[in-house]
**Q** 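I am attaching a structure below and will ask some questions about it afterwards.
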Amino acid sequence: NATAVGNETFAGNKSSAIGHYAEANGTDSTAITGGNAYGDAAVAIGFGSKAGQDTVAIGEDAGKGFTGSKNVYIGARAGVGNTSSSINTAGDWNTAIGTQSFFNGGGTDNSYYGAFSGNQATGDYNSAMGKSSGSHVTGNSNSAYGYASGRYVSGDNNIALGTGAG
């Protein structure tokens, strides 16, 4: 069973698509108003948003160009990947909440909270909280907390606390 309501919508097996240009191609997926839930058990809400398997993408272009599964992207252009760049835009188990958080980033098991946090960050097990924190990080298991903290950090196991730290 599938449900498709709206202009130019499509719903796959046991999926729902609601609103203009919504596509729920995966099984048990949901797409609303221009979203593309192409993976199984995916949710995509907002024009240009894309969600792979077990992924949630909410906001304009959220998750667009990023591959992987079990990710959460909330905010306009959160989790946007750029497949034409040298940055790896694939990964699983990532969370990005905030406008353009984890934009053109890559890796697995990362958490970024705040607008522009984790931009162009690569590596695994990194976390950042605060606007622009953790941007351009390369390495693994790094943590940054505070406005613009932990930017351009390289290497592993670094901690930056406070505005502009790191």
Side-chain angles (χ1 to χ4, degrees), residues 19 22 26 29-39 41-166:
S29 295
T30 302
I32 299 175
T33 313
N36 182 349
Y38 62 88
V43 175
I45 301 172
F47 279 101
S49 63
K50 294 192 175 194
Q53 182 173 339
D54 298 313
T55 294
V56 174
I58 301 173
E60 181 183 2
D61 291 331
K64 184 177 183 178
F66 203 97
T67 61
S69 63
K70 299 168 182 66
N71 296 299
V72 175
Y73 305 121
I74 300 174
R77 292 171 297 289
V80 167
N82 184 349
T83 56
S84 64
S85 75
S86 62
I87 296 172
N88 176 18
T89 55
D92 302 326
W93 303 101
N94 294 301
T95 301
I97 298 175
T99 298
Q100 291 188 2
S101 60
F102 205 31
F103 186 88
N104 283 342
T108 298
D109 284 311
N110 296 295
S111 299
Y112 296 106
Y113 303 94
F116 311 107
S117 63
N119 280 348
Q120 298 184 24
T122 59
D124 302 328
Y125 314 109
N126 295 307
S127 61
M129 182 178 291
K131 183 178 180 183
S132 300
S133 62
S135 295
H136 305 278
V137 169
T138 58
N140 301 311
S141 302
N142 296 296
S143 298
Y145 301 94
Y147 171 76
S149 63
R151 295 176 68 205
Y152 297 96
V153 169
S154 62
D156 300 338
N157 304 308
N158 295 293
I159 299 172
L161 297 173
T163 299

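Numbers for residues simply follow the sequence, beginning at 1.
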**Q** So, Thr55 side chain and Asn71 main chain: donor-acceptor pair closer than 3.5 Å or not?
**A** yes
**Q** If we check side chain to side chain contact (heavy atoms under 4.5 Å, CB included) with Asn119, which of these qualifies: Ser132, Ser101, Ser133, Ser135?
**A**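 Result for side chain to side chain contact (heavy atoms under 4.5 Å, CB included) with Asn119: Ser135.
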**Q** Just by modelled atom types, is the Asn142 backbone N or O under 3.5 Å from a matching donor or acceptor in the Asn158 side chain?
**A**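 Checking the backbone N and O of Asn142 against the side chain of Asn158, no donor-acceptor pair under 3.5 Å is found.
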**Q** Could you tell me which non-hydrogen atom of Ala51 sits nearest to which non-hydrogen atom of Ala42, and how far apart they are?
**A** O-CB, 3.6 Å
**Q** Rounded to the nearest 0.5 Å, how far does CG of Asn110 lie from CG of Asn140?
**A**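 Asn140 CG to Asn110 CG: 8.5 Å, rounded to 0.5 Å.
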**Q** Please find out if less than 6.0 Å separates the ring center of Phe66 from that of Tyr73.
**A** yes
**Q** Compare every heavy atom of Ala144 with every heavy atom of Gly134, then report the nearest pair and how far apart it is.
**A** N-CB, 4.1 Å
**Q** Can you check whether Asp124 reaches Thr108 side chain to side chain, under 4.5 Å on heavy atoms?
**A**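 Yes, close enough: below the 4.5 Å cut-off.
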**Q** Which heavy-atom pair separates Asn94 from Asp109 by the least distance, and what is that distance?
**A**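 Closest approach of Asn94 to Asp109, heavy atoms only: OD1-N, 3.4 Å.
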**Q** Mind listing the closest non-hydrogen atom pair of Ala62 and Ala57 along with its distance?
**A**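 Closest heavy-atom pair between Ala62 and Ala57: O-CB, 3.5 Å.
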**Q** Please tell me if the side chains of Asn157 and Ser141 come closer than 4.5 Å, counting only heavy atoms from C-beta onward.
**A** yes
**Q** Which atoms form the tightest heavy-atom contact between Ala78 and Ala96, and what is the distance?
**A** CB-O, 4.0 Å
**Q** Any chance you could measure Thr99, atom OG1, to Glu60, atom CD, to the nearest 0.5 Å?
**A** 10.0 Å
**Q** Kindly indicate, with the supporting measurements, whether the criterion side chain to side chain contact (heavy atoms under 4.5 Å, CB included) is fulfilled by Thr95 and Tyr113.
**A** CA-CA 8 Å; Thr95 301; Tyr113 303 94; 3.7 Å; yes
**Q** NZ of Lys131 to OH of Tyr147: how many Å apart, nearest 0.5 Å?
**A**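 So the NZ of Lys131 and the OH of Tyr147 are separated by 5.5 Å.
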**Q** Could you check Tyr112 against Asn126 for side chain to side chain contact (heavy atoms under 4.5 Å, CB included), going step by step and ending with a plain yes or no?
**A** CA-CA 8 Å; Tyr112 296 106; Asn126 295 307; 3.4 Å; yes
**Q** In Å and rounded to the nearest 0.5 Å, what is the CD1 to OG distance from Ile159 to Ser143?
**A**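 Atom-to-atom, Ile159:CD1 and Ser143:OG are 5.5 Å apart.
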**Q** Side-chain contact test, heavy atoms from C-beta onward, threshold under 4.5 Å: evaluate it for Gln120 versus Phe103 and give yes or no.
**A** no
**Q** Let's go through Lys70 and Asp54 carefully: what are the C-alpha distance in whole Å and the side-chain angles of both, what is the deciding distance for salt bridge (Lys or Arg N to Asp or Glu O under 4.0 Å) to 0.1 Å, and is it a yes or a no?
**A** CA-CA 5 Å; Lys70 299 168 182 66; Asp54 298 313; 3.5 Å; yes
**Q** Taking all non-hydrogen atoms of both residues into account, name the closest pair between Phe102 and Ala121 and its distance.
**A**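 Looks like CE1-O, 3.7 Å.
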**Q** Tell me whether Asp61 contacts the main-chain N or O of Ser49 through its side chain, where contact means a donor paired with an acceptor under 3.5 Å.
**A** no
**Q** Is Val56 close to Ile58 at the side-chain level, that is, under 4.5 Å between some pair of heavy atoms?
**A** yes
**Q** Using 30° and 60° as the class boundaries, would you call the ring planes of His136 and Tyr152 parallel, tilted or perpendicular?
**A**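 Correct class here is parallel.
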**Q** Hey, are Tyr145 and Ser127 close enough side-chain-wise for a donor-acceptor pair under 3.5 Å?
**A**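 Per modelled atom types, Ser127 and Tyr145 side chains form a pair under 3.5 Å.
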